[in-house]
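First up is the structure itself, then whatever we jot down about it.
Residue numbers begin at 1 in each chain, while the letters A, B, ... track the order of the sequences.
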There are 2 protein chains.
Amino acid sequence: MAVTIKDVAKKAGVNASTVSRVIKDSSEISDKTKAKVRKAMQDLGYRRNAAAQILASGKTNTIGVVFPPVSDKASQPFFMKILTSINETARDYNVSVAIATGHSTKELKKQVELQYSEKRVDGFIILYAGKRDEIRDYLLENDIPFVLVGTPSERQNEITHVDNDNMLLGREAVRHLAELQHQKIAFVTDTTEGEVYEERYQGFKDEMNRLGLTKRLIFFNKDFMLEDETALVAMDDVLALKVVERLSEIGLKVPDDVSMITYNNSIFASILHPYLTTFDIHIEQLGAAAVKKFLDLSNDKNFLPEKTIIPFELILRESTKIKK
Amino acid sequence: MAVTIKDVAKKAGVNASTVSRVIKDSSEISDKTKAKVRKAMQDLGYRRNAAAQILASGKTNTIGVVFPPVSDKASQPFFMKILTSINETARDYNVSVAIATGHSTKELKKQVELQYSEKRVDGFIILYAGKRDEIRDYLLENDIPFVLVGTPSERQNEITHVDNDNMLLGREAVRHLAELQHQKIAFVTDTTEGEVYEERYQGFKDEMNRLGLTKRLIFFNKDFMLEDETALVAMDDVLALKVVERLSEIGLKVPDDVSMITYNNSIFASILHPYLTTFDIHIEQLGAAAVKKFLDLSNDKNFLPEKTIIPFELILRESTKIKK
DNA sequence: CTGAAAGCGCTTACAG
DNA sequence: CTGAAAGCGCTTACAG
């Protein structure tokens with residue numbers, strides 16, 4: 001059988017409750033006793049029993065990570081990356097991670113409810129934002145701690161979330177292109193939904209106006225054309241790849257004829273030439289911050305919702321160039 | 001407070017032990033009593049407490065999923081896809097999933113050991129195969145149940161694993177190209193390590209020999225050249241993309257000048273034209289089978305190691321064509 | 001077919 | 001600073 005707290009207690013000549021206190025490094029216990037107990041734990045190879053601890057303390061010390069209810073999450077490196085980061089940060093704080101996936105919101109909600117009601121998790125980190133859905137409503141109503149990665153479009157003041165500054169991201173793309181002398185710039189997107197799009201595009205427009213440049217919004221489809229733009233801002237790496245392909249079809253080369261800047265710095269940005277100039281959104285930091293905020297919020301009943309902004313970084317590669 | 005087994009017992013007018021038996025649908029309990037107890041559970045909204053169940057039963061009903069100790073796992077859609085499939089299959093069997101990630105084998109092993117020794121998991125599904133490592137050794141030595149996704153290069157007879165038939169996958173690629181009249185075919189790879197490479201390449205060679213065709217192995221680098229091959233087999237979608245790019249540099253078009261077939265059917269196979277003819281390796285099935293085998297093996301002390309072969313499917317797209 | 005009791009391995013007031 | 005005791009919510013021999 002595995003060694004328990006009692007075995008340790010006996011070996012160290014103390015009571016089990018003392019061992020328990022040593023485990024949580026309680027300040028009540030004298031250093032001398034702590035040392036003695038720790039030695040016994042070492043010698044015996046003691047490992048706590050997670051289930052017993054959870055049952056007795058009522059705290060699971062595990063976070064449920066909720067993936068979006070879509071089937072293409074595998075194609076977005078974002079999710080695996082942030083999961084890794086969340087898991088590793090969590091481990092540093094001695095907490096575990098459970099995951100909730102599903103093809104529909106309904107399925108997903110069932111899993112979320114189950115995890116919480118069976119007391120498997122203390123709360124959740126949700127990996128998608130945008131409009132409210134049943135899950136967020138359920139968590140809010142029941143006062144279940146959670147952190148959102150991204151920016152919710154409703155009740156922002158009641159939800160702790162971590163995100164990049166997408167407005168600024170829109171602006172900075174323009175700044176970079178403007179520095180390269182470009183004056184006619186279009187924003188290319190394949191979606192017109194979601195906070196990410198709205199904010200990046202808003203930032204784009206603001207900065208373009210501020211600089212008095214000529215702007216346009218292009219909704220991507222396979223036969224879109226350019227007017228006289230010399231530079232483009234694309235919503236993400238994958239879209240950018242498709243845009244490069246389309247441009248080449250109509251005889252335009254990136255970056256010689258058209259500069260292009262995009263977002264995410266995923267693998268897609270550097271498989272094919274031209275490697276893309278893109279903003280790295282620091283996914284590891286997003287994940288780490290989400291965990292920390294979750295811990296803050298679940299440990300402090302008086303914690304007030306807040307937004308954490310994670311910095312980004314421009315990765316200069318081959319797709320942007322000074323206007324000829 | 002949450003409703004417990006006792007509350008249900010009281011409401012149904014039975015003993016707590018009876019409720020427990022009803023939960024596991026024990027055949028010892030009469031249908032009448034079951035109905036009565038179930039009604040009480042319904043009325044009260046009873047949910048089991050996972051920790052209590054684990055502590056009392058000694059079974060965690062959770063599987064640890066071990067990711068490879070590399071940092072680019074996010075770029076391979078495989079991992080997120082199989083994780084989703086594992087999680088969803090597990091849920092159908094009422095088991096949970098924990099994950100272990102790490103940048104080095106050492107870190108990873110620590111996490112694996114911890115999860116097992118703290119009794120958080122009953123065993124593991126390992127998402128990478130190839131050569132043995134400390135983790136596999138540790139599991140084997142300690143008789144900890146696990147299933148491998150992929151084919152181990154050592155002790156195959158002692159390890160339950162699920163995989164595609166990579167040899168056949170090599171052969172079938174040749175068959176498809178041969179049917180299209182190609183006679184000079186090269187196998188392109190950017191790695192010469194691992195079972196996957198070895199088996200696919202072996203299958204390729206065998207079939208080429210059988211058909212008496214002219215074969216070659218090309219190690220991919222950015223300035224590789226073709227001799228007189230008219231068709232290629234590439235190790236995976238991403239590599240294939242790079243090969244297409246290189247071919248276009250030297251004036252060769254896929255599929256007009258060169259046909260190309262590849263593996264995985266990931267997102268990379270259908271972002272840019274030519275969309276790639278590729279083998280879908282049925283990742284969902286790999287994940288589902290891994291879970292089922294794990295359950296078989298962890299529930300039956302006499303279970304003998306076995307290999308499960310998951311079928312694949314040729315996805316015809318734009319990159320292969322009859323030889324002109 | 002069902003109940004009473006012990007036990008799983010911890011935590012945490014309470015007392016001193 | 002430490003101990004003794006009760007309790008967390010289940011499961012599972014044992015008995016009838």
Among [options], which nucleotide sits nearest the side chain of [X]?
{"X": "A:Ser30", "options": "C:dT12, D:dT2, D:dC10", "result": "D:dT2"}
{"X": "A:Asn49", "options": "C:dG9, D:dC10, D:dT2", "result": "C:dG9"}
{"X": "B:Thr4", "options": "D:dT11, D:dT2, D:dC10", "result": "D:dC10"}

**Message:** For C:dA13, give the paired nucleotide (Watson-Crick: N1-N3 plus N6-O4 or O6-N4; G-U: N1-O2 and O6-N3; both under 3.5 Å), or none.
**Reply:** none
**Asked** Now, which nucleotide makes the Watson-Crick or G-U wobble pair with C:dA4, with each of the two distances under 3.5 Å?
**Response** none
**Item:** Touch class at under 4.0 angstrom, heavy-atom based, for B:Ser20 against every strand present
**Value:** base
**Prompt:** Would you call A:Lys301-A:Asp143 a salt bridge at under 4.0 Å N-O?
**Reply:** no
**Asked** Does A:Glu118 come within less than 4.0 Å of B:Arg47, counting only side-chain N to carboxylate O?
**Response** no
Rounding to a whole Å, what distance do you find between [X]:[atom1] and [N]:[atom2]?
{"X": "A:Lys59", "N": "C:dC10", "atom1": "NZ", "atom2": "C1'", "answer": "16 Å"}
{"X": "A:Ile5", "N": "D:dA5", "atom1": "CD1", "atom2": "P", "answer": "16 Å"}
{"X": "A:Lys119", "N": "C:dT11", "atom1": "NZ", "atom2": "C1'", "answer": "17 Å"}
{"X": "A:Asn61", "N": "C:dC10", "atom1": "CG", "atom2": "P", "answer": "15 Å"}
{"X": "A:Leu55", "N": "C:dC8", "atom1": "CG", "atom2": "C1'", "answer": "9 Å"}
{"X": "B:Asp7", "N": "D:dG9", "atom1": "CG", "atom2": "C1'", "answer": "10 Å"}
{"X": "B:Glu28", "N": "D:dT12", "atom1": "CD", "atom2": "P", "answer": "11 Å"}
{"X": "A:Ile54", "N": "C:dT11", "atom1": "CD1", "atom2": "C1'", "answer": "13 Å"}

**Message:** Nearest heavy atom decides the nucleotide; on that basis, is A:Ser27 or B:Asn15 closer to the 5' end of DNA chain D?
**Reply:** A:Ser27
**Item:** Which atom of B:Thr4 lies closest to which atom of B:Tyr46, heavy atoms considered
**Value:** C-CE1, 3.7 Å
**Minimum heavy-atom distance between B:Lys11 and B:Ala40, given as atom pair plus value** = CG-CB, 3.7 Å
Tell me whether the side-chain N/O atoms of [X] come closer than 4.0 Å to OP1 or OP2 in [N].
{"X": "B:Ser17", "N": "C:dT2", "value": "no"}
{"X": "B:Lys24", "N": "D:dT12", "value": "yes"}
{"X": "A:Thr18", "N": "D:dC1", "value": "no"}
{"X": "A:Gln53", "N": "C:dG9", "value": "no"}

**Residue closer to the 5' end of DNA chain C, B:Ala52 versus B:Val14 (nearest nucleotide)** = B:Val14
**Prompt:** Of B:Ala56 and B:Arg21, whose nearest nucleotide on DNA chain C comes first from the 5' end?
**Reply:** B:Arg21
**Asked** Are a donor atom and an acceptor atom from the side chains of B:Gln111 and A:Asn87 found within less than 3.5 Å of each other?
**Response** yes
